[in-house]
Amino acid sequence: MSSDAPPGVFITFEGGEGAGKSTQIARLAEALRQASGREVVTTREPGGTERAEELRAALLRGVAKPYGPFAEALMFAAARIDHIENLIRPALARGAIVLCDRFSDSTRAYQGAAGGLAPGLIASLERVTLGDLRPDLTLILDLPPEAGLARAHSRGEGKPADRFEAEGLRFHERLRAAFRAIAAAEPERCRVIDADPGPDAVEARIREAVSAWRPDLLPQRVPAPGEGQGHAA
Ligand code: TYD
């Protein structure tokens, strides 16, 4: 770790199933690398480290489900603790930009709002798991659950739905409402991005949000001649 490293930047992506997070994370990572010249680390939850990926495989198979929602939340927390200590904190200390596919808002939404765990319990768990770590920016990809589930199923190419994809539409509607409520409660940290249009349009919205937030990381794109508003053919 170098003492003159710039402060690390921690950006999380959240949203329901099939919102296109992984595509968008890869695109934003490339844009940030090019524009800032800084190290960009992409990772995901549950997972991100070898041990946490083992817990991920068990969680998505539904191994923790019979133990009930609290035990399941604890298993997500166990994976998160390993991920934070061994990947996220060291990368931030090096001055990297860390882009993470899901983080603690997923626990609030999936185990809390949709899964039925009391908000106080979720908040306590978050406090002990995260310590003082918080995302600097959270991009919430928002999509009607019918569209997201259809995308997730077509992506699975005949594979059976995982533990959470298999939940009913009501569950996924509660999830969407939960993510929107998180954004409304923490507008400084969160941006809701409409994930309904195609990947290029969603990418443009994400870039806009990131450059408005930190132009030093991603300068506003200068439109090419003839491109953009007022130049429609
Ligand atoms: P994944 O295949 O990564 O889903 P997606 O592509 O939609 O991101 O699987 C992760 C699943 O785990 C997803 O259904 C959300 C769920 N999850 C929780 O329930 N709680 C959590 O804290 C996290 C991080 C994920």
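What you are looking at is a predicted structure, and each value in this text was computed from that prediction instead of being measured.
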Student: With distance as the sole test, does Arg134 use its side chain to make a donor-acceptor pair with the main-chain N or O of Gly131 at under 3.5 Å?
Tutor: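 Here the side-chain-to-backbone pair exists.
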
Student: How many angstroms lie between atom CG of Leu59 and atom CG of Asp162, to the nearest 0.5 angstrom?
Tutor: 10.5 Å

Student: Please lay out, stage by stage, how Arg94 and Glu39 fare under the test salt bridge (charged side-chain N to carboxylate O under 4.0 Å, His left out).
Tutor: CA-CA 9 Å; Arg94 291 196 302 274; Glu39 181 193 2; 2.7 Å; yes

Student: Got a donor-acceptor contact below 3.5 angstrom from the Arg191 side chain to the Glu188 backbone?
Tutor: yes

Student: Is there a donor-acceptor contact under 3.5 Å linking the side chains of Thr107 and Arg80?
Tutor: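 There is such a pair between these side chains.
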
Student: For the residue pair Glu173 and Pro145, what are the closest heavy atoms and their distance?
Tutor: CG-CG, 3.7 Å

Student: Ignoring hydrogens, what is the shortest heavy-atom contact between Glu208 and Gln220? Give both atom names and the distance.
Tutor: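 Taking Glu208 first and Gln220 second, the nearest heavy atoms are O-NE2, 4.4 Å.
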
Student: When you group the ILVMFWY residues by side-chain heavy-atom contacts below 4.5 Å and let the links chain together, are Phe76 and Leu125 in the same group?
Tutor: no

Student: Quick one: CD1 on Ile25 to CG on Asp101, what's the gap to the nearest 0.5 Å?
Tutor: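 One finds 4.0 Å between CD1 of Ile25 and CG of Asp101.
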
Student: Is it the case that the side chain of Gln24 and the backbone of Pro199 share a donor-acceptor pair, with hydrogens and angles ignored and the cut-off at 3.5 Å?
Tutor: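 Judged by distance alone, yes, a pair lies under 3.5 Å.
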
Student: Looking only at atom types and distance, does a side-chain atom of Arg51 sit under 3.5 Å from a main-chain N or O of Ala78, one as donor and one as acceptor?
Tutor: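 Not at all, since once roles are kept as given, no pair shorter than 3.5 Å links the two residues.
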
Student: Are any side-chain N or O atoms of Ser124 and backbone N or O atoms of Gly120, one a donor and one an acceptor, separated by less than 3.5 Å?
Tutor: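 Pair found, side chain donor or acceptor close to backbone of Gly120.
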
Student: Thr12 and side-chain hydrogen bond (donor to acceptor under 3.5 Å, both in side chains): which single residue from Asp136, Thr138, Asp105 fits?
Tutor: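 Among Asp136, Thr138, Asp105, the one that satisfies the side-chain hydrogen bond (donor to acceptor under 3.5 Å, both in side chains) with Thr12 is Thr138.
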
Student: Group every Ile, Leu, Val, Met, Phe, Trp and Tyr by side-chain heavy-atom contacts under 4.5 Å, then state whether Ile206 and Leu217 land in the same group.
Tutor: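 Same cluster.
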
Student: Kindly say whether Pro46 contributes a backbone atom to a donor-acceptor pair with the side chain of Arg56 at under 3.5 angstrom?
Tutor: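 Such a contact is found between Arg56 side chain and Pro46 backbone.
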
Student: Working to the nearest 0.5 angstrom, can you tell me the gap between Glu85 CD and Leu133 CG?
Tutor: 9.0 Å

Student: How about Phe171 and Leu169: do any of their side-chain heavy atoms sit closer than 4.5 Å?
Tutor: no

Student: Take Ile140 and Arg180, measure what side chain to side chain contact (heavy atoms under 4.5 Å, CB included) needs, and give me the verdict at the end.
Tutor: CA-CA 8 Å; Ile140 295 175; Arg180 288 174 161 200; over 6 Å; no

Student: Which is it for Val202 and Ile193 under the side chain to side chain contact (heavy atoms under 4.5 Å, CB included) test, yes or no, and what are the steps along the way?
Tutor: CA-CA 7 Å; Val202 176; Ile193 307 284; 4.2 Å; yes

Student: Using atom types as modelled and distance alone, determine if a side-chain donor or acceptor of Arg163 lies under 3.5 Å from a backbone N or O of Leu60.
Tutor: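 No, because the side chain of Arg163 does not come within donor-acceptor range (under 3.5 Å) of the backbone of Leu60.
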
Student: Just by distance, do the side chain of His153 and the backbone of Gly148 share a donor-acceptor pair under 3.5 Å?
Tutor: no

Student: Would you sort out whether Asp82 and Thr49 count as a side-chain hydrogen bond (donor to acceptor under 3.5 Å, both in side chains), showing the intermediate values?
Tutor: CA-CA 7 Å; Asp82 194 70; Thr49 59; 2.6 Å; yes

Student: Yes or no on side-chain hydrogen bond (donor to acceptor under 3.5 Å, both in side chains) for His83 and Glu45, after CA distance, side-chain angles and deciding distance?
Tutor: CA-CA 8 Å; His83 189 208; Glu45 286 215 343; 2.8 Å; yes

Student: When you compare the side chain of Val9 with that of Arg214, does any pair of heavy atoms fall below 4.5 Å?
Tutor: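 With C-beta onward as the side chain, the pair touches.
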
Student: Test side chain to side chain contact (heavy atoms under 4.5 Å, CB included) on Val210 and Leu139; report intermediate values, then the result.
Tutor: CA-CA 9 Å; Val210 174; Leu139 298 163; 4.2 Å; yes

Student: For Arg27 and Asp200, run salt bridge (charged side-chain N to carboxylate O under 4.0 Å, His left out): C-alpha distance rounded to whole Å, both residues' side-chain angles, the deciding distance at 0.1 Å, then the answer.
Tutor: CA-CA 10 Å; Arg27 291 188 183 195; Asp200 293 347; 2.8 Å; yes

Student: Going by side-chain contact (heavy atoms from CB on, under 4.5 Å), Ser36 matches just one of Gln34, Arg38, Arg33. Which one?
Tutor: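 Output: one option passes, namely Arg38.
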
Student: What's the spacing between Glu50 CD and Glu53 CD if we round to 0.5 Å?
Tutor: 9.5 Å

Student: Between Arg189 and Leu137, does a side chain to side chain contact (heavy atoms under 4.5 Å, CB included) hold up when you go through it step by step?
Tutor: CA-CA 5 Å; Arg189 171 172 70 89; Leu137 177 71; 5.9 Å; no

Student: Search all heavy atoms of Ala19 against all heavy atoms of Leu143 and return the closest pair with its distance.
Tutor: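 Heavy atoms of Ala19 and Leu143 come nearest at CA-CD2, 3.9 Å.
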
Student: Could you check whether the rings of Phe103 and Phe10 sit parallel, tilted or perpendicular, using 30° and 60° as the cut-offs?
Tutor: perpendicular

Student: Nearest 0.5 Å please: distance from the SG atom of Cys100 over to the NZ atom of Lys21.
Tutor: 10.0 Å

Student: Which heavy atom in Ala183 sits nearest to a heavy atom in Cys190, and how many Å separate them?
Tutor: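 Minimum heavy-atom separation between Ala183 and Cys190: CA-CB, 3.7 Å.
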
Student: Given side chains that start at C-beta, do those of Thr42 and Phe13 come closer than 4.5 Å, heavy atoms only?
Tutor: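 They are not in side-chain contact.
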
Student: Just by distance, do the side chain of Thr129 and the backbone of Glu126 share a donor-acceptor pair under 3.5 Å?
Tutor: no

Student: What is the minimum heavy-atom distance between Leu130 and Ser104, and which atoms define it?
Tutor: CD2-OG, 3.7 Å

Student: For the OG atom of Ser22 and the CZ atom of Arg102, what is their distance to the nearest 0.5 Å?
Tutor: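 These two atoms lie 10.0 Å from each other.
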
Student: Decide whether Val40 and Val98 are clustered together by the hydrophobic rule: side chain heavy atoms of Ile, Leu, Val, Met, Phe, Trp, Tyr closer than 4.5 Å, transitively.
Tutor: no

Student: Should Leu87 and Leu55 be regarded as members of a common hydrophobic cluster, given that ILVMFWY residues are connected when their side-chain heavy atoms come within less than 4.5 Å of each other, either directly or indirectly?
Tutor: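 No, Leu87 does not connect to Leu55 through the hydrophobic network.
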
Student: Whether Asp132 and Arg89 form a salt bridge (side-chain N of Lys/Arg under 4.0 Å from carboxylate O of Asp/Glu) is what I want to check.
Tutor: yes

Student: Please examine the side chains of Ile182 and Arg108, heavy atoms only from C-beta on, and report whether any two atoms are closer than 4.5 Å.
Tutor: yes

Student: Looking only at heavy atoms, what is the nearest atom pair of Ala109 and Phe179, with distance?
Tutor: CB-CZ, 3.6 Å

Student: Quick check: is Phe164 connected to Ile122 through a chain of hydrophobic side chains (ILVMFWY, heavy atoms under 4.5 Å apart)?
Tutor: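 Different clusters: Ile122 never reaches Phe164 through Ile, Leu, Val, Met, Phe, Trp or Tyr contacts under 4.5 Å.
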
